Amino acid sequence: MLGVGREKPGRGRASCGALARRLSLYDATCQVAQEVAEKIQERNRYQRNGESSAKLNVIIRSSLQNLQEKIDQLKDLLLRAVSTHQITQLEGDRRQNLVDDLLTRQKQLQASYKNEGTEPDVIRSSLMTGGVKRGVTNPWLLEESEETRGLGCDDLRQQQRRIIEEQDAGLDALSSIISRQKQMGQEIGNELDEQNEIIDDLTNLVENTDDKLRTQTRHVKMVDKKSTSCGMLVVIVLLLIAIAVVAVWPTH
């Protein structure tokens with residue numbers, strides 16, 4: 001409802017007092033509007049029954065004037081709160097929408113009041129004297145939903161507060177889920193970093209092993225080459241010895 005929102009910090013008791021005045025004035029405005037709607041319904045019922053409704057018309061006109069004055073006071077309070085930065089611009093826009101809604105309903109009630117002798121399509125169960133009848137409607141009563149029908153301004157404000165609390169609880173739960181997902185993402189990222197380090201170590205180990213294999217292969221080739229050269233030398237020496245022995249060996 002009007003005034004139930006985010007006040008800027010640092011205002012102290014003055015801000016709390018202004019908030020209480022706005023809440024009280026808004027509740028009073030809602031109450032006056034509801035009373036006007038009920039009086040119009042009562043007047044219409046009197047006229048259908050052929051009874052005098054002059055007294056009710058006087059009360060309705062006075063109540064409509066009172067409603068207009070209270071709406072003007074709400075507009076002044078809202079303008080002062082926005083101009084002195086007591087509330088945020090977002091909260092100011094929200095409250096302006098509520099005031100605009102009251103202005104619309106005030107005009108609708110004024111139109112219903114001028115349509116004397118008519119009756120609404122839908123009324124509160126506490127005011128009904130029979131079945132639903134046709135005629136010019138009372139917009140203030142028509143726009144009530146099943147959830148809010150029969151509720152006063154205090155009840156409506158409490159209902160909105162419960163809705164806000166449920167929304168806050170839902171947002172808290174969503175925030176908790178997002179936090180857990182963020183933590184899981186960080187843990188997965190850390191695990192990937194560790195796995196990347198292990199892969200880098202394995203890559204370095206494979207490269208080192210490959211270098212050692214190449215070195216050992218070169219050594220084996222050198223040893224094999226040396227072994228082949230030594231064998232040839234032994235063969236040549238043996239052949240030379242054999243030739244020398246044959247040469248000196250007596251022929252007879």
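The model shown is predicted, which means the values in this text are computed figures rather than measured ones.
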So, taking the atom named [atom1] in [X] and the one named [atom2] in [Y], what distance separates them when rounded to the nearest 0.5 Å?
| X | Y | atom1 | atom2 | answer |
| --- | --- | --- | --- | --- |
| Ile71 | Lys107 | CD1 | NZ | 10.0 Å |
| Ser179 | Gln183 | OG | CD | 9.0 Å |
| Ile188 | Gln181 | CD1 | CD | 10.5 Å |
| Gln89 | Arg94 | CD | CZ | 13.5 Å |
| Gln110 | Leu64 | CD | CG | 5.0 Å |
| Ile40 | Asn57 | CD1 | CG | 9.5 Å |

Closest heavy-atom pair and its distance - [X], [Y]:
| X | Y | result |
| --- | --- | --- |
| Arg43 | Ser112 | NH2-O, 3.5 Å |
| Tyr46 | Leu56 | CD2-CD1, 4.0 Å |
| Ala33 | Leu109 | O-CD1, 3.6 Å |
| Val36 | Ser63 | CG2-CB, 3.4 Å |

Checking side-chain polar atoms at under 3.5 Å, does [X] have a donor or acceptor matched by the opposite partner on [Y]?
| X | Y | result |
| --- | --- | --- |
| Gln195 | Glu191 | yes |
| Gln186 | Asn190 | no |
| Arg61 | Tyr113 | yes |
| Arg80 | Thr84 | no |
| Gln47 | Ser53 | yes |
| Gln31 | Asp27 | no |

Can you tell me if [X] uses its side chain to pair, donor with acceptor, with the backbone of [Y] under 3.5 Å?
| X | Y | answer |
| --- | --- | --- |
| Asn208 | Asn204 | yes |
| Ser62 | Val58 | no |
| Ser175 | Leu171 | no |

(request) Decide yes or no for Arg180 and Ser176: does some side-chain heavy atom of the first lie under 4.5 Å from some side-chain heavy atom of the second? (result) yes
